[in-house]
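Encoded as structure tokens, the structure appears first; notes follow it.
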Protein chains: 2
Amino acid sequence: MKNIPVILLGCGGVGRHLLQHIVSCRSLHAKLGVRLRVVGVSDSKSLLLASDVFTRELDDTFLNEVSRVKLGGSSLKTLSSFVNECQVFANSEATRTVIDTATRLSKSTGLVVVDCSASSETMGVLNQAVDLGCCIVLANKKPLTAAMDDYDKLVAHPRRIRYESTVGAGLPVIASLNRILSSGDPIRCIVACLSGTLGYVMSEVEGGKPFSQVVKDAKSLGYTEPDPRDDLSGMDVARKALILSRLLGRRVNLDSLKIESLYPEEMGPNMMSLEDFLSSGLLLLDNDIQERVQKAALDGKVLRYVCVIEGSRTEVGLRELPKDSPLGRLRGSNNILAIYSRCYNEQPLVIEGAGAGNDTTAAGVLADILDIQDLFA
Amino acid sequence: MKNIPVILLGCGGVGRHLLQHIVSCRSLHAKLGVRLRVVGVSDSKSLLLASDVFTRELDDTFLNEVSRVKLGGSSLKTLSSFVNECQVFANSEATRTVIDTATRLSKSTGLVVVDCSASSETMGVLNQAVDLGCCIVLANKKPLTAAMDDYDKLVAHPRRIRYESTVGAGLPVIASLNRILSSGDPIRCIVACLSGTLGYVMSEVEGGKPFSQVVKDAKSLGYTEPDPRDDLSGMDVARKALILSRLLGRRVNLDSLKIESLYPEEMGPNMMSLEDFLSSGLLLLDNDIQERVQKAALDGKVLRYVCVIEGSRTEVGLRELPKDSPLGRLRGSNNILAIYSRCYNEQPLVIEGAGAGNDTTAAGVLADILDIQDLFA
């Protein structure tokens, strides 16, 4: 049986589901000859570490307790009474402690550092873990969209890093692109809808509903971030576009991408309150969107918020697409990706499915961990 | 630099393209830290082996020569004059020689045995290679659709075998299913169109053309096997369905699948000549197909030749599908696969694209080889 030690950074929605998946997959993974040994978990306030990372682990009862506590919105600190099970470190000591653990484990058993946080502050610990020879699995987009130098360090050993769940949740997007790349089939173009929220919004306005109403509906259905401008700005799609673009070898940064926001600068979070945006700002956007939808419809086209990577261009924004194309047919909140290459020339390779949700995102992370099992003894 | 020794069985269309891809990917693979060292190639008549498999390889000039000779339809034997480059073995000695080589290399550098033949006779050498600790990469469906016992031996070490190109050519079907399986997301159902030929035929008859005419058109366009009954029998789709079904853990054999043939037994190759089938037999099938297409159309549905894996059922045959479903929308010769699981529950995960062609099939094989690189020192 192959033992793979894991430290999990961030046990909110995705991280919590990952712990549940790890526990419920015990017998399945045993059949595959693998055992995931969770030796540490952290949230923004604390790090819990097995009392001896070589011989002990956070057992399944304890991991279930972590899931329960985090589901209830509490901090990991509340588990510090399980003093026999683990050591508890405050956030200020967490980074040093993870690095210490990585230093010790990397030389013997190896270690996977899994980042399911949404923080930009894990970069330091991740880059050091890479240097120490650890494997890295990310659901967190921030480290991959940082400055080029930091990115280069992070992916310096491509076989030791996986980040499927940063784009399209569990959809096999990065894995498929890596296969195409390693077979020497040059990727000419990627066109994709990578936001379930904007996918829902754009397919609803197509039916004639006012943009403002659709955004408010999406918000009340829980499809948007608490402030829908976080979706409408296109920044989330831009981060995913940047991750794909860099995977294809482009030397680009977030601020060099062309990003279309669906609201003007003067309605931004720094200039207008959320209440004002929802009650009056949004209404001012209805006409423009409606006109664009109608103009597209005159040519038999539909508006989609897409990411386009072609040549040196990486862009995200609204595009008119043929109603009868794979992206034009997209309805609801699915993600879709069309890849054009030598092998997929006139007809693209298309991958489509749910591109959000804690369950599927965590499943993607778990598949990533299993995918690097050959690097462990 | 990681050196991965490769022996290629079968250098017809796919194998020949694989050799070309290997040569043209040299600098790309060097950047990935990998060098594929082709130490042997075989066709149905002979095996060419590097003069010393530890220190020598079949160099790129020689591999290009192999591609050229096979493109011209000649046998590898014609290369036996390159006596400084390699040893030449007749077919009768090939199996023993491959096993000898596998025995010697597996203990030191490891070896990938790649089967791009269409033969059912490679099973013996593959199973022995597995026993010896070699890795196996297959484009050949036959070994995976043999008796259950043989299959079990072949996949006894799941990390050491890849066979992406047996289903949907280079489409990332098996890789994606493996990801879903390893993440513990239970696959409830797979519905797929896995024959470009039958996809073309069924979308053309939908437009009102007679079945017989469409089949003859497909034959003259080179979309079918020389005897179109090889496609119309559904056996090729059935083999792919069996491979997927076994991947999902079903203990099934080819003869336990429900397979619908598009021609009756009395028109089979043993009962009717190809000429008679094309000139008269086919015409007798037109009415039935036309009636079924029309009946489906009355319900807003279309006929598709599909593979369905659900519960203990694995079936291939014609099904009525909603016109507006992913499979119903399929046109032309693309392959498409819809996967339903816990994570992809109401909306399936869909993978679509070209599912045939030597170039893309060989690209899938090459991606498979690169995917097992971590098993080599």
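Note on naming: letters A, B, ... go to the chains in the order of the sequence lines (proteins, then strands), and numbering restarts at 1 for each one.
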*Do B:L349 and A:I351 have side-chain heavy atoms sitting under 4.5 Å apart?*
yes
*Taking B:H29 for its side chain and A:S182 for its backbone only, find out whether a donor-acceptor pair lies under 3.5 Å.*
yes
*Which residue out of B:L32, B:L171, B:L337 racks up the most heavy-atom pairs below 4.5 Å with chain A?*
B:L171
*Which value, rounded to the nearest 0.5 Å, describes the distance between A:L18 atom CG and B:S183 atom OG?*
10.5 Å
*Report the option among A:V34, A:N345, A:T360 that has the most heavy-atom pairs separated by less than 4.5 Å from atoms of chain B.*
A:T360
*Check salt bridge (Lys or Arg N to Asp or Glu O under 4.0 Å) between A:R35 and all other residues, then give those that pass, not counting sequence neighbours.*
A:E57
*Could you check if a side-chain atom of A:V350 sits within less than 4.5 angstrom of a side-chain atom of B:I336, using non-hydrogen atoms only?*
no
*Under 4.5 Å from a heavy atom of chain A, the part of B:L181 involved*: backbone
*Flag side-chain contact, heavy atom, 4.5 Å: A:N334 against B:Y344*: no
*Please determine, among A:A363, A:C25, A:A169, the option with the most heavy-atom pairs under 4.5 Å with chain B.*
A:A363
*asked:* Looking only at heavy atoms and a cut-off of under 4.5 Å, which of B:Q347, B:Q373, B:K31 has the most pairs with chain A?
replied: B:Q373
*chain B contacts, top residue of A:D374, A:I339, A:L366 (heavy-atom pairs, under 4.5 Å)*: A:D374
*Tell me, do A:D359 and B:R342 make a side-chain contact under 4.5 Å, heavy atoms counted?*
yes
*For chain A, find which of B:S341, B:P326, B:A362, B:P172 contributes the most heavy-atom pairs closer than 4.5 angstrom.*
B:P172
*Atom group of A:A354 that falls short of 4.5 Å from chain B, counting heavy atoms*: both
*Given a strict heavy-atom distance threshold of 4.5 Å, which part of B:L370 is in contact with chain A: side chain, backbone, both, or neither?*
both
*Decide, yes or no, whether a salt bridge links A:R179 with B:D368 under the criterion of side-chain N to carboxylate O below 4.0 Å.*
yes
_Residue A:P348 versus chain B: region with a heavy atom under 4.5 Å_ = backbone
*Enter the distance from A:N178:CG to B:D371:CG here, rounded to the nearest 0.5 Å.*
9.5 Å
_Among B:G353, B:C343, B:G170, which residue has the highest count of heavy-atom pairs closer than 4.5 Å to chain A?_
B:C343
